[in-house]
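I have placed the structure first, in the form of structure tokens, so that the comments after it can refer back to it.
Values below: all heavy atoms of this structure, side chains included; hydrogens, waters and symmetry mates excluded. As the structure lists them, so they are numbered: ligands from 1, and atoms in each ligand from 1. Since the model is a prediction, treat every value here as computed from it, not as a measurement.
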Amino acid sequence: MRCPHEVLIAIRGLNTMLANLGSKRILVTGGAGFLGSHLCEALLRSGHHVICLDNLSTGLRRNIEHLTDTEHFSFIKHDIVTPIALEVDQIFNLACPASPPHYQADPIHTTKTSVLGSLNLLELARRRNARFLQASTSEVYGDPNVHPQVEGYWGNVNPFGPRACYDEGKRCAETLCFDYHQRHGVEVKIARIFNTYGPRMRPDDGRVVSNFIVQALKGDDITIYGDGSQTRSFCFVDDLIDGFLCLMASPASFTGPVNLGNPCEFAIGELAEQVIELTGSRSRIVNHPLPTDDPRQRCPNISLAMRELGWQPRVTLFEGLGRTIRHFDGLLANAASKLVEVA
Ligand code: NAD
Ligand code: UDP
């Protein structure tokens with residue numbers, strides 16, 4: 001393990017190297033995760049220098065392995081709960097576990113990540129005069145009484161239930177963004193992301209799309225929590241990343257919060273049927289108890305994103321599921337062939 005002094009020296013070296021390159025430097029926290037790794041790729045394609053920072057708690061090195069030889073890409077293993085000094089022009093703050101089983105595994109650290117982590121990064125943005133985009137969530141609406149959800153709705157969140165570490169942490173991060181904007185003039189952008197899925201979700205992520213696909217491909221039981229009538233609106237990852245880029249590039253006066261998601265709403269039971277149909281699986285559907293505080297319904301009103309960013313999702317659930325199924329199929333086949341080799 002490196003001592004803090006060595007880490008500082010390494011970071012100073014990196015700062016000097018990036019400053020010498022003389023172009024825009026973009027920090028992506030949570031960059032080794034599902035959304036973060038796609039964002040790093042998109043930013044590199046646009047010619048930016050990307051610093052991917054991640055504590056690898058739910059992120060995976062293999063998500064960014066193909067980028068590590070790229071000249072304009074660097075990786076720092078770091079936890080945002082501890083402050084860090086870097087030369088950056090823009091910050092995308094995606095660091096936070098997003099899947100309920102993962103963020104509930106260490107709820108105190110989840111709250112620290114959203115609150116202390118965002119505070120540390122907003123301080124960095126203030127010192128460097130960097131633009132800051134916060135990956136917020138539809139969870140700020142809790143179990144919503146207004147449907148579809150508009151940004152002006154303040155939400156219905158249980159402040160001490162099992163989801164609170166995530167929901168309230170993200171709500172506080174939004175508060176911090178606005179206070180840094182109003183007190184210190186930091187240019188902030190808040191994206192309220194609705195359920196997004198696609199390649200590079202972990203097979204053991206625990207969220208519904210990856211669970212159903214992996215279960216269907218393995219022929220295991222498909223686990224519907226509750227009776228499957230609860231709804232979600234699923235956005236394919238490529239659409240979401242386009243939304244991030246549009247938001248970061250929007251005029252300084254536009255802070256959001258803005259909903260980014262696909263407004264086509266599906267019951268979880270319908271999602272299970274689509275996955276079974278697309279995979280040709282013979283899995284059975286089984287019902288498990290609905291988790292505490294599981295929201296009954298979730299659908300974004302995206303009028304604001306359409307008007308201010310000219311953005312709307314393009315990939316249908318049918319197409320996106322097909323692409324995600326192909327990804328998991330390859331991953332499982334690869335894992336199986338490795339087992340055969342070992343045997
Ligand atoms: P993910 O778990 O794949 O990615 C999160 C990444 O953050 C991981 O790489 C993890 O290792 C890293 N991380 C977690 N805590 C950290 C810390 N303290 N310091 C440094 N790194 C840390 O999840 P994702 O789906 O890619 O989500 C990315 C962001 O988008 C999260 O902030 C999440 O809350 C937000 N979001 C995602 C969705 C979605 O449907 N995918 C919906 C709403 C909000
Ligand atoms: N869900 C389910 N089976 C699973 C995983 C999740 O029925 O194997 C349900 C979950 O209870 C919720 C919905 O699917 O109602 C979406 O869950 P996810 O964890 O993907 O996202 P979130 O609840 O945070 O929107």
Side-chain angles (χ1 to χ4, degrees), residues 28-40 52-61 63-64 76-82 84 92-104 106 109-114 116-118 120-121 133-141 143 163 166-167 169-170 173 191-198 200-202 205-215 220-237 240-241 244 259-261 266-269 271-272 285-298:
V28 179
T29 73
F34 160 49
L35 295 180
S37 59
H38 286 276
L39 177 62
C40 289
C52 166
L53 182 153
D54 204 298
N55 68 357
L56 297 177
S57 54
T58 58
L60 298 169
R61 275 190 196 274
N63 286 344
I64 50 165
I76 301 173
K77 185 165 186 284
H78 180 82
D79 192 307
I80 61 165
V81 168
T82 304
I84 189 165
F92 286 85
N93 182 23
L94 273 63
C96 187
S99 160
H102 289 157
Y103 68 64
Q104 289 169 21
D106 187 348
H109 197 262
T110 299
T111 301
K112 279 182 171 176
T113 294
S114 281
L116 297 180
S118 301
N120 290 333
L121 294 165
L133 186 148
Q134 170 66 13
S136 189
T137 169
S138 56
E139 284 285 318
V140 300
Y141 301 122
D143 190 9
R163 298 174 85 97
Y166 185 72
D167 302 6
K170 291 284 188 179
R192 288 188 179 155
I193 307 162
F194 284 64
N195 300 64
T196 301
Y197 68 99
R200 294 208 198 114
M201 294 184 89
R202 293 169 63 123
D205 179 90
R207 281 176 280 185
V208 69
V209 175
S210 46
N211 270 11
F212 284 3
I213 292 178
V214 171
Q215 289 163 345
D220 293 346
D221 290 345
I222 293 194
T223 53
I224 290 188
Y225 303 160
D227 63 7
S229 62
Q230 73 272 32
T231 69
R232 294 293 187 273
S233 306
F234 299 101
C235 185
F236 188 65
V237 59
L240 198 271
I241 300 300
F244 274 165
N259 291 338
L260 294 181
F266 292 88
I268 294 304
L271 175 73
I285 289 181
V286 296
N287 294 89
H288 287 199
L290 193 68
T292 307
D293 294 338
D294 199 279
R296 289 289 320 152
Q297 52 186 4
R298 187 72 72 57

Open item on the list: With a cutoff of 4.0 Å, is His102 in contact with ligand 1, counting heavy atoms of the residue only?
Closed with: no
TODO: Run the salt-bridge test on Lys170 and Glu139 with the 4.0 Å N-O cut-off and return the result as yes or no.
DONE: no
TODO: Show which atoms of ligand 1 fall inside a sub-4.0 Å distance from at least one heavy-atom site of Leu56.
DONE: 11 (O)
Task: Options Arg163, Arg207, Arg298, ranked by nearest heavy atom to atom 22 (P) of ligand 2, top entry - done: Arg163
- [ ] Using non-hydrogen atoms of the residue, decide whether Thr29 is closer than 4.0 angstrom to ligand 1.
- [x] no
- [ ] Looking only at protein heavy atoms, identify the closest one to atom 12 (C) of ligand 1 and say how far it is in Å.
- [x] Asp54 OD1, 3.3 Å
Open item on the list: Taking 4.0 Å as the limit for heavy-atom contacts, which would you say applies to Met201 with ligand 1: side chain only, backbone only, both, or neither?
Closed with: neither
Task: His78 neighbourhood, listing ligand 1 atoms whose heavy-atom distance to it stays under 4.0 Å - done: 19 (N), 20 (C)
Open item on the list: Can you report which non-hydrogen protein atom sits closest to atom 27 (O) of ligand 1, along with the distance?
Closed with: Ala98 CB, 3.7 Å
TODO: Report, in ascending order of atom number, the atoms of ligand 1 lying under 4.0 Å from any heavy atom of Gly33.
DONE: 3 (O), 4 (O), 8 (C), 9 (O)
Task: Per-atom contacts, ligand 2 versus Asn211 - under 4.0 Å to a heavy atom - done: 4 (C), 5 (C), 8 (O)
- [ ] Please could you name the atoms of ligand 1 that Tyr166 approaches to less than 4.0 Å, counting only its heavy atoms?
- [x] 33 (C), 34 (O), 36 (N), 43 (C), 44 (C)
Task: Phe34 N/O under 3.5 Å from ligand 1 N/O - done: yes
Open item on the list: Once you restrict to heavy atoms under 4.0 Å, what part of Leu35 touches ligand 1? Side chain, backbone, both or neither.
Closed with: both
- [ ] Give the atoms of ligand 1, by number and element, whose distance to some non-hydrogen atom of His109 is under 4.0 Å.
- [x] 18 (N)
Task: For atom 41 (N) of ligand 1, the protein heavy atom that lies nearest, with its residue and separation - done: Arg207 NH1, 3.1 Å
TODO: May I ask you to identify, for Ser138, whether its side chain, its backbone, both or neither come under 4.0 Å of ligand 1 on a heavy-atom basis?
DONE: neither
- [ ] Pick, from Ser99, Ser210, Pro100, the option with the minimum heavy-atom distance to atom 19 (O) of ligand 2.
- [x] Pro100
- [ ] Please could you name the atoms of ligand 1 that Gly30 approaches to less than 4.0 Å, counting only its heavy atoms?
- [x] 6 (C), 7 (O), 9 (O), 12 (C)
Task: Asp167 and Tyr103 side chains, donor-acceptor separation under 3.5 Å - done: no
Open item on the list: Please verify the inter-ring angle class for His288 with Tyr225; under 30° counts as parallel, over 60° as perpendicular, anything in between as tilted.
Closed with: parallel
TODO: Identify whether the distance between the nearest side-chain nitrogen and carboxylate oxygen of Asp294 and Arg232 falls below 4.0 Å.
DONE: yes
Task: Sub-4.0 Å atoms of ligand 1 with respect to non-hydrogen atoms of Pro97 - done: 14 (C), 15 (N)
- [ ] Could you list which atoms of ligand 2 come closer than 4.0 Å to a heavy atom of Thr223?
- [x] 2 (C), 3 (N), 4 (C), 7 (O), 8 (O)
Task: Nearest-contact summary for atom 25 (O) of ligand 2 - protein heavy atom, Å - done: Arg232 NE, 2.7 Å
Task: Ligand-residue contact atoms, ligand 1 with Ser57, heavy atoms, under 4.0 Å - done: 10 (C), 11 (O), 13 (N), 14 (C), 15 (N)
Open item on the list: Yes or no: does His288 have any heavy atom under 4.0 Å from an atom of ligand 2?
Closed with: no
